[in-house]
Q: 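Below you'll find the structure I mean.
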Amino acid sequence: MTKVNVSLPAEAEANVRAFIDEVDERLASDEDTCRVVTETLVDLHGDREAYDRWQAGEEISPAERVRLQGYDPCNATLESEYYAEKDDDRFQRSKYLQWLWRQFDATPMADNVAFALRFRQMLAEHLFEECGDDCRFFKGITFTYGHNISVGDNVVIHDDVHLDDRGKLTIGDRASISDDVHLYSHDHDTVDQTQVANYHTIVGDDARVTYDAMVRAGCRVGENAIVGARSVVQGDVPDHHIAAGIPAKSLKVKDGWESAADPVEDRLPNRQEERRIDYDLPEDLDAFDEFQRDLTPPDRS
């Protein structure tokens, strides 16, 4: 797709740059992250007057109180907060930044591409384990934690993508992740779904994972490879191959890359166990089983 450069009017550009720089500097400082997130969201949602009245102890309605306290990530819980194996120290800051990312996407400014891409790039540099230069993160991207994600340079991730980093997720330079893609790094046991195994999932340099595809935990999409739309990847896609289907199979090598690619394989090799990430849970863990099922198979009773 051929694209052209687009820029904001000078005054709008100056205001965008000043705002992003201010939030960036506050997040990089010793200031309490919760406070930075709260005040940034209050201003983005145009609620400063009501917030100041609340902070001054003036009377506000119950609805206003609930709305205003909702800007503070300390007053919210995320699904990943309930995962027993999470790194509690890293999660706290990641939670606050993830809350800012999600609530920013609920504002009208999230649709202003020239502003929103730069704002999310700045947030990613604070949230991700690593984030390269000149990345483009579009609207509705969700994460498990955020801090187990490494992204290279010039990566584009489109609308409504889920980046599961319960294990570890690496996305290489110049990779493209299309709308509605799900990249997973954890799996559930087939008998007891409360038992979770974490893995390292990899999307190589220059790879493309196209619309509505799913990459299973512990798989690798090779360099310069393509995953076809709505495919389900359950093994490793070799470098320079085009894979598609449910389950995905290698269809061909990209034209002009035959000498650099391994031969086409009908079935993708599964190397999931090589990328398992082990973790330990406290012996005195007060585990919560939301299903409350008897999981004893009839052949093992």
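Counting begins at 1 with the first residue of the sequence. No experiment lies behind these values; they were computed from the predicted model shown.
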Q: Which residues pass the salt bridge (Lys or Arg N to Asp or Glu O under 4.0 Å) test with K254, sequence neighbours left out?
A: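 Partners of K254 under the salt bridge (Lys or Arg N to Asp or Glu O under 4.0 Å) test: none.
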Q: Does S94 use its side chain to pair, donor to acceptor, with the backbone of R90 at less than 3.5 Å?
A: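 Yes; at least one donor-acceptor contact below 3.5 Å.
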Q: Closer than 3.5 angstrom, by distance alone: can the side chain of E81 be matched with the main-chain N or O of L78 as a donor-acceptor pair?
A: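 Judged by distance alone, yes, a pair lies under 3.5 Å.
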Q: Heavy-atom distance under 4.5 Å between the side chains of Y145 and D164, does that happen here?
A: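 Not touching, per the 4.5 Å side-chain cut-off.
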Q: Would you say the rings of F143 and F128 are close, in the sense that their centroids are separated by under 6.0 Å?
A: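 That pair passes the under 6.0 Å test.
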Q: Show, in sequence, the C-alpha distance, side-chain angles and deciding distance for H158 and S178, and conclude whether the side-chain hydrogen bond (donor to acceptor under 3.5 Å, both in side chains) test is met.
A: CA-CA 5 Å; H158 286 279; S178 296; 5.5 Å; no
Q: Starting from the C-alpha separation in whole Å, work towards a yes-or-no answer on side chain to side chain contact (heavy atoms under 4.5 Å, CB included) for L163 and T142.
A: CA-CA 6 Å; L163 304 177; T142 55; over 6 Å; no
Q: Hey, are T33 and R93 close enough side-chain-wise for a donor-acceptor pair under 3.5 Å?
A: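 Yes, T33 and R93 have a side-chain donor paired with an acceptor closer than 3.5 Å.
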Q: Of the non-hydrogen atoms in V237 and V227, which two are nearest, and what is the gap between them?
A: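 Minimum heavy-atom separation between V237 and V227: CG2-CG2, 4.3 Å.
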Q: Drop me the distance from R48's CZ to Q55's CD, to the nearest 0.5 angstrom.
A: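 Taking CZ in R48 and CD in Q55, the distance rounds to 9.0 Å.
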Q: Check whether D159 reaches the backbone of F138 with its side chain - one donor and one acceptor, N or O, closer than 3.5 Å.
A: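 No; judged by distance alone, with no hydrogens or angles, the pair does not exist.
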Q: Side chains of D165 and S185: any donor to acceptor distance under 3.5 Å?
A: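 Looking only at side-chain atoms, D165 and S185 do not form any donor-acceptor pair under 3.5 Å.
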Q: Can you list the residues that meet the side-chain contact (heavy atoms from CB on, under 4.5 Å) rule with Q272, with sequence neighbours excluded?
A: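 Expected list: D187, Y199, R216, A217, N270.
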Q: With rounding to the nearest 0.5 Å, note down the distance linking OH in Y211 to CG in D180.
A: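 So the gap between those two atoms works out to 4.5 Å.
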Q: Within the side chain of E22, is there an N or O that forms a donor-acceptor pair under 3.5 Å with the backbone of I20?
A: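 No; judged by distance alone, with no hydrogens or angles, the pair does not exist.
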Q: Identify which one of E64, E59, E58 satisfies the side chain to side chain donor-acceptor pair (under 3.5 Å) criterion when paired with R53.
A: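 Considering E64, E59, E58, a side chain to side chain donor-acceptor pair (under 3.5 Å) with R53 is found only for E64.
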Q: Looking just at side-chain N and O atoms, do H182 and D212 make a donor-acceptor pair shorter than 3.5 Å?
A: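 The answer is no; no qualifying pair exists.
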Q: Look up atom NZ in K95 and atom OG1 in T77, then write down how far apart they are to the nearest 0.5 Å.
A: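 Going from the NZ atom of K95 to the OG1 atom of T77 covers 6.5 Å.
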Q: Looking at OG of S80 and CZ of R166, how far apart are the two atoms once the value is rounded to the nearest 0.5 Å?
A: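 Answer rounded to 0.5 Å: 9.0 Å.
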Q: Run the salt bridge (Lys or Arg N to Asp or Glu O under 4.0 Å) test against D111 and tell me which residues pass, sequence neighbours left out.
A: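 By the salt bridge (Lys or Arg N to Asp or Glu O under 4.0 Å) rule, D111 matches K139.
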Q: Is there a side-chain contact between W101 and L127, using heavy atoms and a 4.5 Å cut-off?
A: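 A side-chain contact exists here, since the closest heavy-atom pair is under 4.5 Å.
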Q: Keeping the roles fixed (side chain from D205, backbone from G172), state whether a donor-acceptor pair exists under 3.5 Å.
A: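 Checked: no pair found.
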Q: Between Q69 and R65, is there a side-chain donor-acceptor contact under 3.5 Å, judged purely by atom types and distance?
A: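 No, Q69 and R65 have no side-chain donor paired with an acceptor closer than 3.5 Å.
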Q: Check A243 against A248 and note the closest heavy-atom contact, atom names and distance.
A: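 For A243 and A248, the tightest heavy-atom pair comes out as CB-CB, 4.4 Å.
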Q: Transitive ILVMFWY cluster of I246 at side-chain heavy atoms under 4.5 Å: who else is in it?
A: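 Result for I246 is Y184, M214, V232.
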Q: Where is the tightest heavy-atom contact between Y96 and V37, given as atom of each residue plus distance?
A: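 Residues Y96 and V37, closest heavy atoms: O-CG2, 3.5 Å.
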Q: E129 and H147: which non-hydrogen atoms are nearest, and at how many Å?
A: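 Distance-wise, the nearest heavy atoms are CB-O, 3.2 Å.
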Q: I need the full list of side-chain hydrogen bond (donor to acceptor under 3.5 Å, both in side chains) pairs touching residues 235-245, with sequence neighbours left out, sorted by first then second residue.
A: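 Passing the test, one end in residues 235-245: R220-D239, N224-H240, D236-R271, D236-R275, H241-S250.
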Q: Restricting to non-hydrogen atoms, name the atom on A50 and the atom on L68 that form the minimum distance, rounded to 0.1 Å.
A: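 That closest heavy-atom pairing would be O-CD1, 3.7 Å.
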Q: Could you tell me whether the side chain of D173 and the main chain of D153 form a donor-acceptor pair under 3.5 Å?
A: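 Yes: the side chain of D173 pairs with the backbone of D153.
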Q: Using a distance-only test with no angle check, is there a side-chain donor-acceptor pair under 3.5 angstrom linking N198 and E85?
A: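 Distance-only check passes for N198 and E85.
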Q: Taking all heavy atoms of H200 and all of I277, pick out the closest pair and write down the distance.
A: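 What the structure gives for the nearest pair is N-CD1, 3.9 Å.
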Q: Does any N or O in the side chain of T170 come within less than 3.5 Å of the main-chain N or O of S150, such that one atom is a donor and the other an acceptor?
A: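 No, because the side chain of T170 does not come within donor-acceptor range (under 3.5 Å) of the backbone of S150.
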Q: Do P238 and L268 have side chains that approach each other closer than 4.5 Å (heavy atoms only, starting at C-beta)?
A: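 When only atoms from C-beta onward are counted, L268 and P238 do touch, with a gap below 4.5 Å.
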Q: Report all side-chain donor-acceptor pairs from residues 114-125 shorter than 3.5 Å, counting only partners two or more places apart or in another chain.
A:
residue : atom : partner : partner atom : Å
R118    : NH1  : E13     : OE1          : 2.9
R118    : NH1  : E13     : OE2          : 3.3
R118    : NH2  : E13     : OE2          : 2.9
R120    : NE   : D105    : OD1          : 3.0
R120    : NH1  : F137    : O            : 2.8
R120    : NH2  : D105    : OD1          : 2.9
R120    : NH2  : A110    : O            : 3.2
Q121    : OE1  : C135    : N            : 2.8
Q121    : NE2  : E125    : OE2          : 2.8
Q121    : NE2  : G132    : O            : 2.9

